[in-house]
Trainee: 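Please find one structure pasted underneath; my questions will follow.
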Amino acid sequence: MAESAEADWVSRFADEVISEAERRAPGKPIVCASGLSPSGPIHLGNLREVMTPHLVADEIRRRGLDCVHLLSWDDYDRFRRVPAGVDPSWAEHIGKPLTSVPAPPGSPHANWAEHFKAPMTAALTELGVDYRGISQTEQYTSGAYREQILLAVRERSRIDAILAAYRTKDGGREVADYFPYKPYCELCERDLTKVTAYDDETTELAYTCECGFGETVRLAEHDRGKLVWKVDWPMRWAYEGVVFEPSGVDHHSPGSAWVVGGQIVGEVFGGEQPIGPMYAFVGITGMAKMSSSKGDVPTPADALGIMEAPVLRWLYARRKPAQSFKIAFDQEIQRLYDEWDALARKVDSGQAQPAELAAHARAVGTAAGPLPATPVPVPYRTLASILDITTGHDEQALRILRDLDAVDRLDQARPRLDRAQRWVADHLPADQRTHVRETPDQDLLDSLGQTERESLRLLADGLDDWTLDGLTSLVYGVPKLQAGLDADAKPTPELKAAQRAFFVLLYRLLVGRDTGPRLPTLLMAVGADRVRKLVGG
Ligand SMILES: [Zn+2]
């Protein structure tokens with residue numbers, strides 16, 4: 001990594017974070033942070049929230065420094081709405097902490113939050129993200145934030161004044177109404193509560209709930225409530241000593257959590273705002289064609305189903321956080337893989353630029369070591385084409401790959417092979433799938449003229465050299481032979497036209513269309529006997 005230390009955005013942030021950490025808390029582990037809400041399936045777009053600090057923390061670790069990446073699970077947030085596809089009766093849980101809501105029917109997990117955390121946790125492990133997860137439910141209900149909560153409540157007028165500066169001046173609310181702590185109701189567990197009285201001396205807090213329940217508790221002993229979001233976030237910056245935490249563009253408008261948090265963290269909690277780049281939106285292409293049983297939300301697990309972890313890491317490493325980009329579930333993934341393979345060749349040959357080297361190194365491994373790689377990286381588009389034609393028949397796929405001199409065993413092409421398999425199954429549009437005919441197209445065969453019949457006979461007779469090279473020579477050679485040319489004859493416009501016409505004829509007879517995968521590959525997948533049958537041989 002030494003040669004790339006100055007080269008990319010990750011290194012520059014690492015420099016900044018290290019020097020800032022040295023100023024703020026010398027000698028202590030450096031803290032980077034992310035936050036995720038397990039309120040539903042965690043969208044692939046939210047992965048940037050984790051990948052940005054991960055890459056910076058990883059660079060700091062590569063430099064031999066102690067760095068922790070905290071991942072706050074906002075699982076003590078309220079359950080807001082029942083997503084489509086879940087029993088409407090879950091509406092009775094709206095207002096409860098996410099960890100108090102039952103998991104969706106059929107889930108093996110203990111509660112709603114755990115159900116949605118689990119796939120994200122698995123994806124982060126596969127991506128090599130080394131983090132320390134923090135359940136905000138555990139933090140709040142264990143009283144970990146007791147002093148910070150009492151402090152925020154004591155300073156509620158100051159907080160309200162900070163927030164008021166950003167509020168539109170439509171009057172209405174008295175400053176005295178503002179209360180930064182929201183109790184969850186002791187009886188119904190929901191947050192439909194209103195604080196009706198608070199005594200700063202005794203910390204006695206009275207609340208009523210929409211369910212009719214009401215009680216008076218001592219806040220100094222109360223562990224069933226949380227600070228409101230705009231106070232909770234800066235509280236945690238101070239509590240955890242966060243030096244780096246990026247956030248999405250939606251947090252950066254005037255009066256938003258990031259902006260007011262920057263004031264609250266210093267004026268109330270005596271801490272400092274982290275270095276916090278705003279990261280741009282990550283878009284998804286090609287999901288419209290995806291038939292998903294779990295709704296339209298693409299998750300990191302979905303992306304890892306069709307691409308290897310290093311490729312997904314690379315998408316984040318090569319773009320600055322402020323640059324938006326798209327993750328392709330459509331044909332674009334083939335081009336992405338071409339680029340990735342080209343980069344690997346450049347790196348191997350020593351031709352890569354420093355920024356390319358850095359992004360590649362961050363993609364293929366972490367400070368802990370390399371991530372699993374595919375031993376023989378057969379081009380993704382080749383794999384997709386083979387898997388499309390062979391429709392899951394490992395033996396046929398292996399025969400073609402062997403003949404390409406690519407691999408001796410399918411394992412050598414894994415896990416990339418499995419990713420391409422999933423892509424073909426889930427994302428290759430039906431109208432682009434190759435369907436080899438079961439029976440000959442007798443009408444077409446009957447309509448052929450003498451020259452065409454002859455070309456098919458020559459093909460059927462030449463199927464002995466059952467290699468990709470042999471089949472390539474054959475399909476290009478048949479029109480040459482018919483034109484009375486040598487096998488190594490230079491192509492003329494007439495010959496090219498004859499070859500094109502011959503290829504179209506073969507595609508129509510084999511797959512019922514004018515185009516398809518490369519013919520030698522297609523012939524190999526279909527098999528000699530079936531080819532002979534379909535061309536009327
Ligand atoms: Zn209640």
Side-chain angles (χ1 to χ4, degrees), residues 35-40 72-105 107 109-117 134-154 156 159-160 163 172-233 235-236 257:
L36 289 175
S37 170
S39 57
S72 267
W73 296 105
D74 292 324
D75 57 11
Y76 206 45
D77 286 3
R78 75 194 303 262
F79 181 57
R80 290 176 184 279
R81 62 188 169 79
V82 184
V86 172
D87 191 328
S89 71
W90 255 250
E92 70 180 80
H93 303 296
I94 289 174
K96 291 182 186 174
L98 294 167
T99 41
S100 295
V101 177
S107 168
H109 297 284
N111 58 58
W112 189 269
E114 293 304 322
H115 176 80
F116 291 106
K117 267 188 219 179
I134 296 180
S135 158
Q136 291 305 325
T137 299
E138 281 176 30
Q139 294 292 95
Y140 272 105
T141 59
S142 70
Y145 299 143
R146 171 122 41 237
E147 292 308 315
Q148 286 71 22
I149 291 169
L150 291 170
L151 176 59
V153 168
R154 212 155 53 230
R156 59 191 180 278
I159 295 171
D160 194 42
L163 297 175
R173 218 164 48 74
E174 293 294 320
V175 164
D177 286 349
Y178 181 74
F179 207 79
Y181 179 81
K182 187 87 165 167
Y184 280 113
C185 173
E186 182 67 24
L187 184 66
C188 75
E189 296 187 79
R190 293 175 296 174
D191 70 345
L192 311 175
T193 57
K194 185 171 168 41
V195 174
T196 54
Y198 183 71
D199 183 334
D200 281 294
E201 289 297 309
T202 62
T203 80
E204 276 189 353
L205 179 155
Y207 73 86
T208 56
C209 176
E210 282 180 25
C211 76
F213 184 79
E215 66 173 339
T216 299
V217 298
R218 280 191 64 225
L219 184 57
E221 296 163 350
H222 191 249
D223 297 323
R224 294 182 68 85
K226 74 183 289 285
L227 292 171
V228 297
W229 161 237
K230 285 183 180 177
V231 181
D232 171 83
W233 200 15
M235 179 278 287
R236 287 190 271 134

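Remember, predicted model here, so these are calculated numbers, not experimental data. Order of appearance sets the numbers: ligands from 1, and atoms from 1 within every ligand.
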Trainee: Anything protein N, O or S sitting under 2.8 Å from the Zn ion (ligand 1): count it and give me the total.
Mentor: 4
Trainee: Any carboxylate oxygen within less than 4.0 angstrom of a Lys/Arg side-chain nitrogen, looking at Asp232 and Lys182?
Mentor: no
Trainee: Check whether any side-chain N or O of Arg146 sits under 3.5 Å from a backbone N or O of Ala220 as a donor-acceptor pair, and report yes or no.
Mentor: yes
Trainee: So, Trp112 side chain and Ser100 main chain: donor-acceptor pair closer than 3.5 Å or not?
Mentor: no
Trainee: Evaluate the ring planes of His93 and Trp90, with Trp represented by its six-membered ring, and classify them as parallel (under 30°), tilted (30 to 60°) or perpendicular (over 60°).
Mentor: perpendicular
Trainee: More than 12 heavy atoms of other residues, nucleotides or ligands under 6.0 Å from CD of Glu92: yes or no?
Mentor: yes
Trainee: Where does the angle between the aromatic ring planes of Tyr184 and Tyr76 fall among parallel (under 30°), tilted (30 to 60°) and perpendicular (over 60°)?
Mentor: perpendicular
